[in-house]
Amino acid sequence: MSTYTIDTATSRATPSPVPGKRMTVPALKGRKAEGRTEQPLVMLTAYTMRMGQLLDPHCDLLLVGDSLGQVIYGLPSTVPVTLEMMCAHGAAVVRGSWHALVAVDMPFGSYEASPELAFASAARVMKETGCAAVKLEGGEAMAPTVRFLTERGIPVMAHVGLTPQAVNALGGYGARGRSEAEAAKIMGDAKAVADAGAFCVVLEGVMEGLATEITRAVAIPTIGIGASAECDGQILVTEDMLGLFERTPRFVKRYDDLASRIGAAVESYAGDVRARSFPTSDQTYRPKA
Ligand code: KIV
């Protein structure tokens with residue numbers, strides 16, 4: 001499926017005139033050699049075609065995260081997110097990108113019950129979106145599922161440490177791995193999914209020391225979010241790093257303050273409309289002279 005030939009006179013889609021070669025799972029995995037990633041992997045979340053287009057030239061991977069539940073739909077957590085939502089947004093991001101590897105999150109309830117259920121859900125996601133990989137949360141308990149999918153042609157990105165779909169079991173979104181027992185469990189989880197064939201693993205909200213040890217212990221790239229600079233790559237929720245929310249977690253660096261800038265732009269528009277200074281003749285259709 002070609003994703004960079006969107007071309008309609010009425011759409012705002014503006015595909016790249018020079019399609020590149022999309023990043024593949026083996027190429028990405030190969031970026032970590034002899035336990036080291038020369039150049040850290042760059043990953044951000046994207047949920048829409050346009051954001052995909054804007055992020056794509058700068059990223060190795062784009063994740064259509066189930067964080068879209070909170071960011072796009074205003075839901076209280078990722079738990080209510082559905083396969084339909086993930087498929088619709090995944091397809092949009094694949095259409096808007098041509099360079100980065102696109103991975104789509106498997107939503108809560110779509111994979112945990114059995115490897116067979118996970119395969120059916122993941123196959124649907126891949127068919128309907130054109131993405132190259134899926135991501136699922138969980139460690140040792142999910143290792144048989146990771147193996148089942150990877151042996152059947154579905155690349156899996158794993159996710160351990162703070163796993164937001166388990167918020168009700170964890171009791172919140174606090175950092176993980178503070179106690180020795182918890183750190184050992186997370187290390188075991190990371191090793192289990194790596195052994196089961198995951199091509200990379202997201203480490204969320206874990207202590208720096210543990211992130212360092214896991215990154216050394218597994219052959220696949222680790223992608224950190226709130227897991228220190230010791231990981232092989234980094235991911236953030238794009239809306240967080242662009243400053244679209246007033247409050248962000250401590251591990252987020254804000255690279256802009258889009259919330260204020262959008263507020264100022266909209267205030268200016270509202271003022272123009274109320275003063276009848278928009279539209280001007282520049283924005284008005286009139287018979288040609
Ligand atoms: O859903 C998401 O956006 C994620 C990342 C934050 C890793 O899982």
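Just so it is clear, the structure is predicted and the values come from calculations on it, not from any experiment.
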Item to check | Pair L236-F251, side chain to side chain contact (heavy atoms under 4.5 Å, CB included): steps then yes or no | outcome: CA-CA 9 Å; L236 284 175; F251 58 78; 4.1 Å; yes
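- Between the side chain of R31 and the backbone N or O of Q39 there is at least one donor-acceptor pair closer than 3.5 Å.
- Atom CG in L101 sits 10.5 Å away from atom CG in L41 (nearest 0.5 Å).
- Nearest approach of S97 to L62, heavy atoms of both residues: CB-CD1, 4.0 Å.
- With contacts defined as side-chain heavy-atom distances shorter than 4.5 Å, the pair F119/L149 qualifies.
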Next on the checklist: Please determine whether side chain to side chain contact (heavy atoms under 4.5 Å, CB included) holds for the pair T78 and F108, giving the CA-CA distance in whole Å, both sets of side-chain angles, and the decisive distance to 0.1 Å.
Outcome noted: CA-CA 7 Å; T78 55; F108 178 68; 5.8 Å; no
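- Looking only at side-chain heavy atoms (C-beta outward), V81 and Y73 stay at 4.5 Å or farther from each other.
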Item to check | CA sep, side-chain torsions, deciding dist, call: S67, E239, side chain to side chain contact (heavy atoms under 4.5 Å, CB included) | outcome: CA-CA 10 Å; S67 50; E239 284 73 2; over 6 Å; no
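- Judged by distance alone, the side chain of Y111 and the main-chain N or O of E137 form a donor-acceptor pair under 3.5 Å.
- The two residues G138 and V160 come nearest to each other via the heavy atoms O-CG1, 3.9 Å.
- L210 and A183 get closest at one heavy-atom pair: CD1-O, 3.6 Å.
- Side-chain atoms of M51 and L242, non-hydrogen and from C-beta on, do get closer than 4.5 Å to each other.
- Remark: side-chain polar atoms of H99 are not paired, donor with acceptor, to backbone N or O of M23 under 3.5 angstrom.
- By the 4.5 Å heavy-atom criterion applied to side chains, P164 and E204 are counted as neighbours.
- Looking only at side-chain heavy atoms (C-beta outward), V94 and R22 come within less than 4.5 Å of each other.
- Rounding to the nearest 0.5 Å gives a distance of 11.5 Å between CE of M126 and SG of C87.
- Residue I223 holds its CD1 atom at 6.5 Å from CE of M157, rounded to the nearest 0.5 Å.
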Checklist entry - Stepwise, does the salt bridge (charged side-chain N to carboxylate O under 4.0 Å, His left out) test hold for K185 with D189? => result CA-CA 6 Å; K185 165 85 178 83; D189 284 341; 2.7 Å; yes
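- Note that CD1 of I72 and CG of D66 are 12.5 Å apart. Values are rounded to the nearest 0.5 Å.
- Within a 6.0 Å radius of CD in E267, no more than 12 heavy atoms belonging to other residues, nucleotides or ligands are found.
- Within the 3.5 Å criterion, the main-chain N or O of T238 finds a donor-acceptor partner in the side chain of T45.
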Checklist entry - Is there a side chain to side chain contact (heavy atoms under 4.5 Å, CB included) between M86 and M106 once you walk through the steps? => result CA-CA 7 Å; M86 297 314 302; M106 303 278 285; over 6 Å; no
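- In terms of heavy atoms, G197 sits closest to T150 at O-CG2, 3.4 Å.
- Here the side chain of K32 pairs no donor or acceptor atom with the backbone of T222 at under 3.5 angstrom.
- In this structure, the side chain of T37 does not engage the main chain of P40 through any donor-acceptor pair within 3.5 Å.
- Using a 4.5 Å heavy-atom threshold, the side chains of M142 and E112 count as touching.
- Between atom CD1 of residue I186 and atom CZ of residue R176 there is a gap of 6.0 Å, rounded to the nearest 0.5 Å.
- Contact detail for R247 and R254: the closest heavy-atom pair is N-NH2, 3.9 Å.
- Considering only heavy atoms from C-beta on, S77 comes within 4.5 Å of Y173 through its side chain.
- For S268 (side chain) and A264 (main-chain N/O), no donor-acceptor pair under 3.5 Å exists by modelled atom type.
- Side-chain atoms of L244 and I262, non-hydrogen and from C-beta on, do get closer than 4.5 Å to each other.
- In summary, R152 and E116 do not engage in a salt bridge, as defined by a charged side-chain N under 4.0 Å from a carboxylate O.
- The closest donor-acceptor contact from the side chain of D60 to the backbone of V42 lies under 3.5 Å.
- To the nearest 0.5 Å, the span separating CG on L203 from SG on C231 amounts to 4.5 Å.
- Across all non-hydrogen atoms, the minimal contact from V79 to N168 is CG2-ND2, 4.0 Å.
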